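Worksheet: the structure to be examined is printed underneath.
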Amino acid sequence: MFRPNSDWLLRRHPMSTERYNAREAEPRWQKVWDERGIFRTRNDDPRPKYYVLEMFPYPSGRIHIGHGRNYVMGDVVARFKRMKGFNVLHPMGWDAFGLPAENAAIERNTHPGVWTYENIATMREQLKLLGLSLDWSREIATCDPDYYGEQQRIFLEFLKNGFVYRKESEVNWDPVDNTVLANEQVIDGRGWRSGALVERRKLNQWFFRITALAQELLDGLDTLERWPDKVRLMQRNWIGRSEGLHVRFALANPPADAPAGSPADIKVYTTRPDTLFGASFLALSPGHPMAEQLAGGNPALAAFVEECRRGGTSTAEIETQEKMGFDTGLTVRHPLGGPDLPVYVANFVLMEYGTGAIFGCPAHDQRDLDFARKYGLTVTPVVLPPGADPASFAVADVAYDGEGTLYHSHFLDGLTIPEAKEAVAARLEDQRLGNEPVGERAVNFRLRDWGISRQRYWGCPIPVIHCAACGPVPVPEDQLPVRLPDDVTFDAPGNPLDRHPSWKHVACPQCGQPATRETDTMDTFVDSSWYFARFASEPGTRPLQKAAADHWLPVDQYIGGIEHAILHLLYSRFFTRTLKKIGRVSVEEPFAGLFTQGMIVHETYKDAAGKWLFPEEVERDAEGRPVKVGTGEPVTIGAPEKMSKSKKNVVPPEIVADTYGVDCARWFMLSDTPPERDSEWTSAGIEGAWRFVQRIWRLVGDVVALAGPAAPAEPGTFGEDALALRRASHKLAAQMADDIERLRFNVAVARVHAFANVFGDAVVAARRGGTVGDDLAFALHEAARFLVRAVAPSVPHLAEECWTVLGGDGLVAEAEWPASEPSLLAEDTVTLPIQINGKRRADITVPKAASPAEVESAVLALDAVVKALDGRPPKRIIVVPQRIVNVVA
RNA sequence: GCGGGCGUGGCGAAACUGGUAGACGCACGGCACUCAAAAUGCCGCUCCCAAAAGGAAUGUCGGUUCGAUUCCGACCGCCCGCACCA
């Protein structure tokens, strides 16, 4: 027979024994939100705007719970800002063009568009399952002609204004598949699908002139105060500004067979003109025009150049790669009268940086030193380290790149490095070779122009027509968008646009003669470089509207992975600045605040045969060992790794929603681990979140049982218990607001836990006390309502359910953030720890307003202090008001 | 090689601007309730000596300070980014 004892009754109430049924409640509230359209955003809303955006996903198929973390974080911010009175824009879209769709088309014989839109439909439902407060009416897909048509207009405006140009550039060419490969499709120098050795082939390609904005993009980083320092540093390094000197070296023995008009000098770029007297060779990149020309008449050199090209480009390969050179037999004059220098072609000189040629100063550059030692070139130190003896200082295997004074350097002797740089620059500027100065000061950037041509079908067509007579001609405005043809096949290698029977054949817009369309499409990074501006325009309107973009931009909080720290973010910054220059928007920087969240990782599982297993295929046997469900064969558990389909360590959102509810998943994703770090998904963690969700539900039920279903009127006075609870409630609201503003979700979660402990104690005490007075009833109701609103951004469905139980007006999703009364946040006493010689020995509670002198005398009266001083006067007493007291005995 | 970051209990972590180290949670142990279990609640949970009082401890060693997880130096370990950047 069921016979509860009194203790049980104290803690349990029939109301609170009902479990919160997330599976029933969550879809119900999602329907209510949807029907009332409360997440629809209007541009004419008078409230202050707040734009929160998570990096939009590529529609790869299905999402797993690992993808959900950044959407949940963004959603917490969006819901919080709504409660704080902002008109929030929180949209979602699809980065829908890209190579995987073409691969799927080849593998499954489907159209890339069909595959893409099917994936979008699946993933949209999965995202909706998470209860995100998104304005779905603004949803976009970059493969929509409405979207990419506007992108084509932007391209043509950029072209008109000189931000786009065409030049020859090398691509990875797969000679078996007859196709261009992306860098990630080249594995160990071979095509990923065909296995053929990849060739370098030159094609005419379109480029965005991002280097024209290099300085601007660099300077702009300083204004991005709400970006992680790490990302700004990565961009700064990527842009890579350096100041140096272009120096022209005259050829001492031009080759006899050189064609007329061949250059008579070699131009190098250097950041160390001060070391010019230590130069012992010149080196050309294998791609340097002079190297290529010389190779034409020299089979051995041609073979060397070819070998260099095959060398890998990965860092690991480069590190182990030995410095190699080929002596061309050419020599050049030293511009300051030193000995002539031999000219090599060397594998470590990059054509893309500087002028593709360097002078080597082995004593002060490690690469040059390695090279000089290998080829027996002279090593002359010209910078003397401070305190070193000029007679004995020598460089063996380690180049000296530190500070010092110049020596062995004629007119530079005795100068510091900066002085010597200046002196050389000044001297060479005045020297003439031909009609031009030998030296010219130069600012150099590592940043290169952005090549956007892709020899692919599933991308935004480049709106240009090639005419034999007129050259490249822009597609006229009234013929935009240039649509992708739907009737394409993927059964043959190469670009389907190129071999389509009719698509590319058009009349030249200028002369009317037969011409062909550009068959290249744009890099998908172009698509994602302005989508944030498209969201600003209301649905059904032109994709990029100045007024709308100016209203919403910049994005106040952008959230995404660190993997986009450089390219996507830099390209978006370039686009926004360029759009401003052509008058399409008014802002310069697209993202005022950036947050890069960590990934969700999960253990991996392998069976005895080494095959990956899904988490749900693994269970524990009687001894607690991991075994395969059904068979009982042993399972090996691997370290937590990024969730990925290939390793099967994924958790589908549907399973979590069915078992625990998505609020539990949301709460768990916000708990414990700082959001910028990787977080491990565990069953213990999600169960902990489930327990806490139930606990909130019980607390709310307890309050209604104790204090009635309706909030009582505020009484004039409060007892001590009620007041203490009120203080805790008001503090919670204030501190949590601060935590969420700073995106410290794990700290916010801990705070809610701590409050729930205090709240729970108050509930138990109230029940024990028998009757609940008006003041306590008010405080309990207030605590419940504060708690529910404080967690509403994180667990929105649960919050709605609780809000209803508590008799709240309307939806909690539309409620205001609880306002904290300043009088309840202020404490009138403070407890100070008392240290003796830096060790905590006691504490003391004093009025907050107590003067240091009052605190000091109270401290000196403490037993512990009297005992420690043993009659002697203290050497010193440090009173830090509101903080601590330290007595130095 | 270059650049950046991080080391705190069994685990995830907290600690504001140099001021009580370990909040909060997980795991674990004990207890209560139950025929039993689940659920829930209470207690304990860095280490040493323990009855208490103490002492040690934030990777290691040193420095600055009344006081250091926090600042400085050296070392050890781990992680991330990179395009040999002249």
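Because the structure is predicted, anything quoted here is derived from the model rather than measured. First the proteins, then the strands, lettered A, B, ... as listed; each starts at 1.
In this entry the distance linking CZ of R236(A) with P of G4(B) reads 12 Å, nearest Å. For Q835(A) and A68(B), the CD to P distance is 9 Å, given to the nearest whole Å. Separating the OH atom of Y353(A) from the C1' atom of C84(B) is a distance of 12 Å, rounded to the nearest angstrom. In this structure, the CG atom of D401(A) is 13 Å from the P atom of G1(B), given to the nearest Å. The nearest whole Å value for the distance from the NZ atom in K421(A) to the C1' atom in A86(B) is 11 Å. Rounded to an integer number of Å, the gap from CZ of R695(A) to P of A39(B) is 16 Å. If you take NZ of K867(A) and C1' of A53(B), they are 8 Å apart, rounded to a whole angstrom. Computed from coordinates, the F371(A) CZ to C84(B) C1' distance equals 13 Å when rounded to whole Å.
U64(B) sits 37 Å from C82(B) when the C1' atoms are compared, rounded to a whole Å. Spacing between C11(B) and C16(B) at atom C1', rounded to whole Å, works out to 26 Å. Spacing of P atoms, A27(B) relative to A39(B), comes out at 10 Å, to the nearest Å. Taking the P atoms as reference points, G62(B) lies 15 Å from U70(B), given to the whole Å. Taking the P atoms as reference points, A14(B) lies 22 Å from G81(B), given to the whole Å. Between A15(B) and A37(B), the distance separating the two C1' atoms is 41 Å to the nearest Å. Straight-line distance between the C1' atoms of C31(B) and G22(B): roughly 26 Å, to the nearest whole Å. Between A53(B) and G4(B), the distance separating the two P atoms is 49 Å to the nearest Å.
Base pairing of G7(B): its partner is C76(B), meeting the Watson-Crick or G-U wobble criterion (both donor-acceptor distances under 3.5 Å). Of all nucleotides present, only U40(B) satisfies the Watson-Crick or G-U wobble test against A32(B), with each distance under 3.5 Å. The base-pairing partner of C82(B), taking Watson-Crick or G-U wobble contacts with both distances under 3.5 Å, is G1(B). Across every strand in view, A15(B) sits unpaired, with no contact that passes the Watson-Crick or G-U test at under 3.5 angstrom. In this entry C71(B) has G63(B) as its Watson-Crick or G-U wobble partner, both defining distances falling under 3.5 Å. Pairing partner, A27(B): none, since no Watson-Crick or wobble contact has both distances short of 3.5 Å. Pairing partner, G22(B): none, since no Watson-Crick or wobble contact has both distances short of 3.5 Å.
Applying the 4.0 Å criterion to OP1 and OP2 of G41(B), one finds that R698(A) has a side-chain N or O inside that range. Proximity of N757(A) to the phosphate of G25(B): a side-chain N or O atom is located under 4.0 Å from OP1 or OP2. Residue N746(A) places at least one side-chain N or O closer than 4.0 Å to OP1 or OP2 of A14(B). Put simply, R367(A) has no side-chain N or O that comes within less than 4.0 Å of OP1 or OP2 on C84(B). Look at R691(A) and you'll find a side-chain N or O under 4.0 angstrom from OP1 or OP2 of C26(B). Distances shorter than 4.0 Å separate some side-chain N or O of R677(A) from OP1 or OP2 on A13(B). Residue R446(A) has no polar side-chain atom (N or O) positioned under 4.0 Å from OP1 or OP2 of G3(B).
Side-chain atoms of A684(A) lie closest to A27(B) of the nucleotides G19(B), G55(B), A27(B). Distance from the side chain of F348(A) is smallest to C84(B) among A15(B), C84(B), G19(B). Nearest nucleotide to the N886(A) side chain, out of C66(B), G55(B), C80(B): C66(B). For K839(A), the listed nucleotide lying nearest its side chain is A56(B); candidates were A56(B), G19(B), C84(B). Distance from the side chain of P674(A) is smallest for A14(B) among the nucleotides A86(B), G12(B), A14(B). Comparing A15(B), C24(B), A86(B) by their nearest atom to the side chain of Y269(A) picks out A86(B).
Counting any heavy atom pair closer than 4.0 Å across all strands shown, L233(A) reaches sugar-phosphate atoms only and no base atom. Within 4.0 Å (heavy atoms only), K875(A) reaches no atom of the nucleic acid at all. In this structure, V880(A) reaches the bases: a heavy-atom distance under 4.0 Å links it to at least one base atom across the strands shown. Heavy atoms of T270(A) sit under 4.0 angstrom from primed sugar atoms or phosphate atoms, though from no base atom. Here N237(A) lies in heavy-atom contact (under 4.0 Å) with sugar-phosphate atoms only. Residue contacts shown for V268(A) are absent, as no nucleic acid heavy atom lies under 4.0 Å away.
Where H753(A) and T673(A) each meet RNA chain B at their nearest nucleotide, the meeting point lying more 5' is that of T673(A). Nearest-nucleotide positions on RNA chain B for G685(A) and Q694(A) put G685(A) closer to the 5' end.
Using a 4.5 Å heavy-atom cutoff, the side chains of R241(A) and L218(A) are in contact. Counting heavy atoms from C-beta on, the side chains of L428(A) and P335(A) come closer than 4.5 Å. Contact check for V749(A) versus D672(A): no side-chain heavy atoms found under the 4.5 Å cut-off.
Under the ring pair (Phe, Tyr, Trp, His ring centres under 6.0 Å) criterion, W238(A) pairs with no residue, sequence neighbours left out.
On a pure distance criterion of 3.5 Å, a polar donor-acceptor pair joins the side chain of K323(A) and the base of C84(B).
Relative to the ring axis of F348(A), K323(A) places its NZ or CZ within 45° and under 6.0 Å from the centre.
Within the 3.5 Å criterion, the main-chain N or O of V382(A) finds a donor-acceptor partner in the side chain of H364(A). Side-chain N or O atoms of Y660(A) include none that pairs as donor or acceptor with a backbone N or O of A665(A) at under 3.5 Å.
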Inset, instruction - Take Y344(A) and Y375(A) through the test ring-ring contact (aromatic ring centres under 6.0 Å, His included) and record every step on the way to the result. - result: CA-CA 10 Å; Y344(A) 284 77; Y375(A) 294 100; 5.8 Å; yes

Inset, instruction - Take W681(A) and F668(A) through the ring-ring contact (aromatic ring centres under 6.0 Å, His included) test and state the conclusion after the steps. - result: CA-CA 8 Å; W681(A) 187 272; F668(A) 176 41; 4.7 Å; yes

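Syn is the conformation of G9(B), whose glycosidic angle sits no further than 90° from 0.
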